[in-house]
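Working notes, structure below.
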Amino acid sequence: MSERVRVVVIGGGAVGCSCLYHLAALGWTDAVLIEQNELTCGSTWHAAGNCPTFSTGWGILRLQQYSAALYRRLSEAIEYPINYHVTGSVRLAHTAQRMDEYRYVHGLAQANALAYEILTPEELRARHPFVELDDLQGALWDPCDGDIDPAQLTQALAAGARRAGARVQRFTRVTGLRQLPTGEWRVATDKGDYLADVVVNAAGYRAGEVMALLGQSLPIVTMSHQYIVTEEIPELLERSERLPLLRDPDVSYYLRQERGGLILGPYEHQATPMWLDGIPDDFSYKLWGDALDRLESYIEAAFRRVPLLASAGIKRVVNGPIPYSPDGLPYVGPAHGLSHFYHCNTFSFGIAQAGGAGKALAEWVVNGGPEWDLWSLDPRRFTGYATKAYTVAKAVETYQHEYAPAFPYEERPAGRPLRASPLHEPLAARGARFGVRGGWERALWYDPEGRAEQTLTFRRQRSWMARVATEVHAVRNAVGLMDLPGFSKFMITGPGAQNYLDSLVCSRLPQANRISLAYVVSEAGGIVSEFTLTRLGPQSFYAVSAAIAEHHDDDVLTRGLPQDGSVRVERLSERLGTLVLAGPRSRDVLSRVTQSDLSNRAFPWLTAQRIEIGPAQLLALRVNYVGELGWELHVGTEYQEGVYRALLEAGREHGLTHFGMYAMDSLRIDKCYRGWKSDLESGYSPFEASLGRFVDLEKPAFRGKPALLAQRTRGVTRRLVPLTLDQDGDADPPYCSSVFNEEERVGLVTSGVWSHTLACSVVLAYVKSELATEGTRLSIDVLGVRRSATVRREPLFDPQNLRLRS
Ligand SMILES: Cc1cc2nc3c(=O)[nH]c(=O)nc-3n(C[C@H](O)[C@H](O)[C@H](O)COP(=O)(O)OP(=O)(O)OC[C@H]3O[C@@H](n4cnc5c(N)ncnc54)[C@H](O)[C@@H]3O)c2cc1C
């Protein structure tokens with residue numbers, strides 16, 4: 001006999017207990033948490049307990065901000081004692097680049113009503129009396145940082161959940177998982193079975209083992225992380241206040257007060273992955289022996305920075321397991337391809353993030369999605385390519401860079417190349433500099449002379465700017481060619497395809513051979529997916545979306561498929577490559593390699609045709625993301641090199657130039673084409689994104705229709721608009737920079753790029769609706785400096801789309 005419950009949470013660390021707490025808070029009290037040993041016995045018990053709000057990512061910052069607010073009230077709310085010290089923290093800066101990073105994060109914090117401060121060295125001394133200031137440029141103050149007792153936090157969350165009616169089953173190990181034809185999950189344990197509607201995998205560093213029970217793999221690796229606890233220090237005992245936490249990211253360590261002593265924790269270059277051949281059956285409440293040799297240089301640097309530290313002896317060393325994903329971010333959300341199965345695991349900073357992660361997880365389960373778009377944590381961001389070797393290589397690199405500045409445009413080398421187009425070598429021979437999108441190597445820009453240095457900076461002085469300008473001008477004035485491997489591609493066919501898609505997207509379906517943008521929205525009307533949809537036949541549709549969206553959009557397209565088999569969804573992403581040929585001379589080039597009539601009459605804008613180029617039959621879409629006459633050629637990868645060579649040959653006399661992702665980004669901003677998960681995310685509706693023309697409220701039904709109807713009646717309070725900056729400055733506004741109307745914060749930037757066509761800085765930003773009119777003068781905080789900007793009408797370039805139609 002199986003016990004019937006609504007939800008099983010596997011794992012009783014800080015994160016699992018927070019999931020249970022938040023599920024119960026949302027009314028899902030018929031919930032049981034299963035823990036193989038005692039609560040906290042995994043990574044949680046030995047964590048240093050630091051709880052920063054600081055993050056260079058919007059999602060994590062909000063998650064941690066929520067955690068900090070929850071931890072402040074939790075103890076009182078459930079009458080459970082928790083040692084939580086809100087001390088604030090200082091982050092030191094040795095370089096101008098680091099100060100720029102702090103200015104950027106200061107902006108993110110400001111947009112979330114967090115009162116961070118940029119400190120001069122002298123102001124730093126006032127906050128932390130024991131720090132040596134030589135060679136420092138300044139620091140960042142996070143007033144909400146602090147440290148919490150991880151075990152007390154976990155027990156408090158469990159107590160709160162129990163009080164609401166949820167249950168905790170300790171000393172019970174989950175040994176099997178199976179989904180029944182009814183959709184229910186049979187969760188086998190060493191103490192009996194459960195039958196559950198929903199399963200949450202919160203098994204910490206064992207989350208991969210849990211997936212192995214289903215025959216699936218999860219990109220996760222355990223890293224060893226150490227911190228040193230010192231003996232008591234008289235100067236600290238004499239103080240009435242605790243020291244703020246100190247981080248010296250340019251050296252790579254944290255240092256905080258623990259009772260009368262200090263804790264020193266480096267993220268060392270000699271990052272050490274563990275348990276590569278499997279995790280021992282029982283590691284509860286265990287640690288590894290210390291490996292101080294890995295830490296020596298960091299200890300010495302910390303001694304110099306805070307000499308007080310050198311006066312104390314080492315009391316103990318903690319060397320424990322931390323789970324890492326390839327990008328160091330956890331997995332929070334639905335598991336790809338499984339229904340009613342969620343991840344909330346692989347946390348490298350699970351104490352600081354447990355509160356917010358539990359909230360988000362519970363919202364996924366109960367409401368179908370979290371309050372904030374948390375794509376950066378979505379388990380589906382790795383689209384099946386992250387092998388074990390890749391995961392280890394990336395996790396090591398991420399651990400080594402845990403405190404490195406989060407430079408925009410940085411492309412780190414570990415684990416690459418992984419997925420590459422058949423044109424990788426020919427493009428590399430032309431000087432392509434590659435970056436990774438959805439695991440695919442893509443040319444970012446071309447350095448034909450091979451002389452450009454790789455510069456990392458928050459400012460605009462980048463080695464590639466001049467080259468990208470050349471590529472942009474070639475596309476605008478002649479013809480450009482781009483290889484875009486990895487686009488997510490789906491073929492949707494079958495007698496029910498039209499009705500099914502019509503009820504899935506909020507947009508009108510395209511007519512025969514026509515192409516249109518189609519959006520899927522959530523129940524609340526937020527943008528979930530964006531497809532370029534082509535109707536190839538009465539019941540045959542070709543859908544294309546971002547490379548990184550493959551698993552996400554596969555779920556979107558397949559989770560609600562009719563049970564009668566009347567619709568088939570086929571994934572073509574790896575079978576088809578994409579070449580973009582765009583620019584006023586693109587017709588001249590293409591017509592030299594195909595017999596098809598490419599005239600406007602025979603092949604108008606936003607239509608599709610099968611054409612032949614040499615031996616290759618391919619699908620040509622007269623559409624592009626750069627706003628020029630042009631075609632996307634979707635071609636079997638086996639033919640791709642032949643087609644490429646034919647185009648090169650034909651393009652020679654027309655000045656055909658290769659262009660990369662950076663040029664495309666500059667070109668698309670001229671046309672105000674939106675980016676998925678930057679300009680478009682679940683927090684914004686199509687009306688807010690100024691995409692109302694793609695919403696068909698006359699259709700009988702689609703998910704989210706009531707919400708969009710209500711919004712149309714009510715009107716929206718913010719809208720996406722382009723703005724141009726009035727002066728060049730030396731930086732473009734980074735993602736999530738704030739927009740101001742005098743002193744009032746009135747919006748948020750979602751893209752900020754230099755337009756090589758318009759020769760100015762352009763942003764797309766959501767601003768208050770009453771300000772979203774052409775000519776409104778506003779200002780934007782760019783790395784700490786207010787820069788004046790003007791709202792423009794979109795698109796900024798070729799408003800009649802004459803070039804696209806030419
Ligand atoms: C030295 C060190 C210092 C750290 N310092 C910090 C810090 O300062 N701040 C911070 O935010 N983070 C810190 N961390 C990271 C933090 O410890 C983890 O991110 C966090 O504890 C993860 O919590 P969790 O609940 O996801 O995992 P865990 O605490 O590992 O919990 C997972 C639970 O699942 C149980 N489980 C696994 N498999 C099964 C199964 N099959 N059946 C039943 N139960 C199962 C395990 O027994 C375990 O109790 C530190 C880590 C280390 C090693």
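Each ligand, and each atom within it, is numbered from 1 in the order the structure gives. The shown structure was predicted, so the numbers you read here are calculated from the model rather than taken from an experiment.
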Determine, using ring centers only, whether Y285 and H46 are less than 6.0 Å apart.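 Centroid distance H46-Y285: not below 6.0 Å, so no.
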Between Y253 and Y298, does the ring centroid distance fall short of 6.0 Å?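 No; Y298 has its ring centre 6.0 Å or more from that of Y253.
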Polar proximity ligand 1 side, [X] side, N/O cut 3.5 Å exclusive:
| X | value |
| --- | --- |
| A14 | yes |
| S43 | yes |
| A47 | no |
| F349 | yes |
| G11 | no |
| G49 | yes |
| I351 | yes |
| Q36 | yes |

As an exercise, state the distance from CZ of F347 to OG of S43, rounded to the nearest 0.5 Å.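 OG of S43 is found 11.5 Å from CZ of F347.
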What residue and atom, counting heavy atoms only, is the protein's closest point to [atom], and at what distance?
| atom | answer |
| --- | --- |
| atom 42 (N) of ligand 1 | V174 N, 3.0 Å |
| atom 2 (C) of ligand 1 | H225 CD2, 3.5 Å |
| atom 8 (O) of ligand 1 | N50 N, 2.8 Å |
| atom 23 (O) of ligand 1 | T44 OG1, 3.4 Å |
| atom 25 (O) of ligand 1 | V15 N, 3.0 Å |
| atom 49 (O) of ligand 1 | E35 OE1, 2.6 Å |

Is [X] close enough to touch ligand 1? Criterion: a residue heavy atom under 4.0 Å from a ligand atom.
| X | answer |
| --- | --- |
| I34 | yes |
| T172 | yes |
| S348 | yes |

Counting only heavy atoms, which portion of [X] has something under 4.0 Å from ligand 1: side chain, backbone, both, or neither?
| X | result |
| --- | --- |
| S284 | neither |
| R206 | side chain |
| C344 | neither |
| Y227 | side chain |

Would you say that more than 12 heavy atoms from the other residues, nucleotides or ligands in this model lie under 6.0 Å from the CZ of R170, or not?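 No.
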Salt-bridge test for R256 and E258: reply yes if a basic N is under 4.0 Å from a carboxylate O, no otherwise.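 Salt bridge flag = yes for E258 with R256.
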With a 4.0 Å cut-off, would you call R239 and E235 a salt bridge?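 Between E235 and R239 there is no salt bridge, as every charged N stays at least 4.0 Å from the carboxylate O atoms.
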Among G204, A48, P330, C19, which one puts a heavy atom closest to atom 5 (N) of ligand 1?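 Checking each option, the heavy atom nearest atom 5 (N) of ligand 1 is found in A48.
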Would you tell me which option among G42, G208, G176, A203 has the nearest heavy-atom contact to atom 32 (C) of ligand 1?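 Shortest heavy-atom distance from atom 32 (C) of ligand 1: A203.
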Is W375 close to D378 at the side-chain level, that is, under 4.5 Å between some pair of heavy atoms?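 SC-SC contact between D378 and W375 confirmed.
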Enumerate the atoms of ligand 1 whose separation from the nearest heavy atom of G320 is less than 4.0 angstrom.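 Close to G320: 53 (C).
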